Amino acid sequence: MIGGENNLKGSIGLLSMAGLLLISSIAVITVANDVTLNADVNNTAPTVMKWETDETNNITSINPTPGQPVTVRKCAIVCDNNGKEDIVDSTVKAVVQFPNGTVKEQETLGDGTGHAEHCGLGASPDFGVLCKFYSGTFLLASTDPSLNYSITVTAKDVANEEGMDTNNLTYGTCTGVSLSSSTITFGQLAPGTTASGTEVTITNTCNTEMDIADSVTDLTRTTSPPDTIPASDVTETIAGVPASSTCTNVNIAVGGTATMTSSLIVPLGTLPGTYTGTKTLTALNGATC
């Protein structure tokens, strides 16, 4: 029995050890919990930076060329802190206003990448992830009024928030005249007679009222022996006003016209032949006379 008891105790000891071993092998299970992150990103309105060029330089003033339009390039960089994809291209518009505040023209600006150099930005500017570059043009005729033209560019984002920039371009004045003909012909004349020449239409090609200085040279015979018809034998009117070599007070309106008439007296004793002379018409500011 003693031996049996010892065996039983030993068995119990083994069972206890096995129980301890079993308990120590139980794994600890960790449970993962997800946490939701929330953030609201505010919308910001676009910002606009704009300027004008004459295809070479940033300009704030320009002078008209008589009879010729001037092309002005509009340049604009539009940026949005929400990213350039938030800018709505179709909303990027430029409005040009006359000095009196009325609208001269408006335009939806296009992608200006191909005109970066014309706007003074170099060949391949990098506008990053926030900005886009836009461009367009408008014309100033030599008869357009002088003083300050306002140019405004606006742009909107997807949320319809708007940014804008505006500045003035100063347009100068000019005086200029164009003629419907560069030749006045009196035809065949007999000595001692008077004839009318070709009527000429004078057009004011600039943006101020115009008076005219009208000077004439003697008419000289083109073959030998020489002979002359004095300039004093040429008489002229402009819009019915006798022409003056210093100032003919006709006040031709901007873009307006007037008719110039001429007549020639051939003095007795004038040799036969062709005679030529020169008439010079000089445009003067309408306040001159």
Side-chain angles (χ1 to χ4, degrees), residues 50-76 94-110 112 114-121 134-153 166-184 198-215 236 238-239 243 247-260 278-289:
K50 65 167 295 295
W51 65 101
E52 282 70 47
T53 76
D54 57 1
E55 304 289 13
T56 305
N57 301 301
N58 185 6
I59 54 174
T60 57
S61 64
I62 195 167
N63 289 318
T65 301
Q68 298 294 324
V70 178
T71 299
V72 179
R73 179 161 293 281
K74 294 169 284 193
C75 311
V95 176
V96 180
Q97 292 177 293
F98 284 109
N100 66 2
T102 61
V103 174
K104 174 178 173 59
E105 66 100 56
Q106 48 189 330
E107 174 189 19
T108 299
L109 299 182
H115 300 286
E117 285 189 281
H118 298 152
C119 288
L121 297 174
Y134 300 86
S135 184
T137 60
F138 70 98
L139 293 178
L140 283 171
S142 60
T143 52
D144 279 333
S146 61
L147 298 178
N148 293 327
Y149 287 72
S150 172
I151 303 101
T152 301
V153 171
T166 187
N167 68 292
N168 289 331
L169 176 67
T170 302
Y171 197 45
T173 61
C174 70
T175 53
V177 60
S178 69
L179 307 176
S180 61
S181 175
S182 60
T183 303
I184 296 174
T198 309
E199 286 192 350
V200 176
T201 300
I202 298 172
T203 301
N204 181 352
T205 60
C206 273
N207 57 3
T208 57
E209 278 194 343
M210 181 179 69
D211 291 329
I212 296 289
D214 180 359
S215 62
E236 296 167 308
I238 300 173
C247 189
T248 310
N249 188 10
V250 285
N251 290 322
I252 302 174
V254 173
T257 62
T259 300
M260 179 176 67
T278 302
K279 168 193 285 294
T280 301
L281 297 176
T282 304
L284 305 172
N285 187 291
T288 302
C289 296

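Excluded from the calculations below are hydrogen atoms, water molecules and symmetry mates; all remaining heavy atoms, backbone and side chain alike, are included. Just so it is clear, the structure is predicted and the values come from calculations on it, not from any experiment.
Of all heavy-atom pairs spanning V153 and A76, the tightest one is CG1-CB, 4.1 Å. Of all heavy-atom pairs between G67 and S142, the closest is N-OG, 3.0 Å. Minimum interatomic distance between P66 and G176 (heavy atoms only, all atoms of both residues): CB-CA, 4.0 Å. Residues A258 and A239 come closest through the heavy atom pair CB-CB, 3.9 Å. Across every non-hydrogen atom of D214 and A243, the tightest pair is OD2-CB, 3.2 Å. For S178 against T205, the heavy-atom pair with the smallest separation is OG-CG2, 3.6 Å.
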Check the pair F98, N148 against side chain to side chain contact (heavy atoms under 4.5 Å, CB included), reporting the backbone distance first and the verdict last.
CA-CA 7 Å; F98 284 109; N148 293 327; over 6 Å; no
Trace of the side chain to side chain contact (heavy atoms under 4.5 Å, CB included) decision for L109 with E107:
CA-CA 6 Å; L109 299 182; E107 174 189 19; 3.9 Å; yes
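Atom SG in C75 sits 8.0 Å away from atom CG in N58 (nearest 0.5 Å). To the nearest 0.5 Å, atom CD of residue E52 and atom OG of residue S61 are 12.0 Å apart. Taken to the nearest 0.5 Å, the OG atom of S181 stands 8.5 Å off from the CE atom of M260. Summarising the geometry, atom CG belonging to N249 is positioned 10.5 Å from atom CG belonging to L284; distances are rounded to the nearest 0.5 Å. Rounding to the nearest 0.5 Å places CG of N63 at 7.5 Å from OG1 of T173. For the atom pair OG of S215 and CG of L281, the computed distance is 7.5 Å after rounding to the nearest 0.5 Å.
T53 places a side-chain N or O within 3.5 Å of a backbone atom of H118 that can act as its donor or acceptor partner. Remark: the backbone N or O of G112 is not paired with any side-chain donor or acceptor of S135 at under 3.5 angstrom. Checked by atom type and distance alone, the side chain of N57 never pairs as donor or acceptor with a backbone atom of I59 at under 3.5 Å. Formation of a donor-acceptor pair under 3.5 Å by the W51 side chain with backbone atoms of N167 is not found in this model. A side-chain donor-acceptor contact under 3.5 Å links N204 to the backbone of I252.
A donor and an acceptor atom, one from each side chain of T175 and N285, are nowhere located under 3.5 Å apart.
Looking at N207 and P145, their side chains never come closer than 4.5 Å, going by heavy atoms from C-beta outward. Contact of the N251 side chain with the D211 side chain is registered, since non-hydrogen atoms from C-beta on lie closer than 4.5 Å. At least one side-chain heavy atom of T201 sits under 4.5 Å from a side-chain heavy atom of T203. Residues L139 and V72 are not in side-chain contact: their nearest non-hydrogen atoms beyond the backbone lie 4.5 Å or more apart. You'll find the side chain of I238 reaches within 4.5 Å of the side chain of I202, heavy atoms only. Annotation: side chain of I212 is not in contact with side chain of T282 (no heavy-atom distance under 4.5 Å). T166 places none of its side-chain heavy atoms less than 4.5 Å from the side chain of I151. Counting heavy atoms from C-beta outward, K50 and T152 have side chains that stay 4.5 Å or more apart.
Note on residues 168-181: no pairs pass salt bridge (Lys or Arg N to Asp or Glu O under 4.0 Å), not counting sequence neighbours. Contacts classified as side chain to side chain donor-acceptor pair (under 3.5 Å) and involving residues 94-105 (residues at least two apart or in different chains) are given here: K74-E105, N100-T102, K104-D144.
Relative ring orientation between Y171 and Y149 is described as perpendicular, the plane-to-plane angle rising above 60° on a 0-90° scale split at 30° and 60°.
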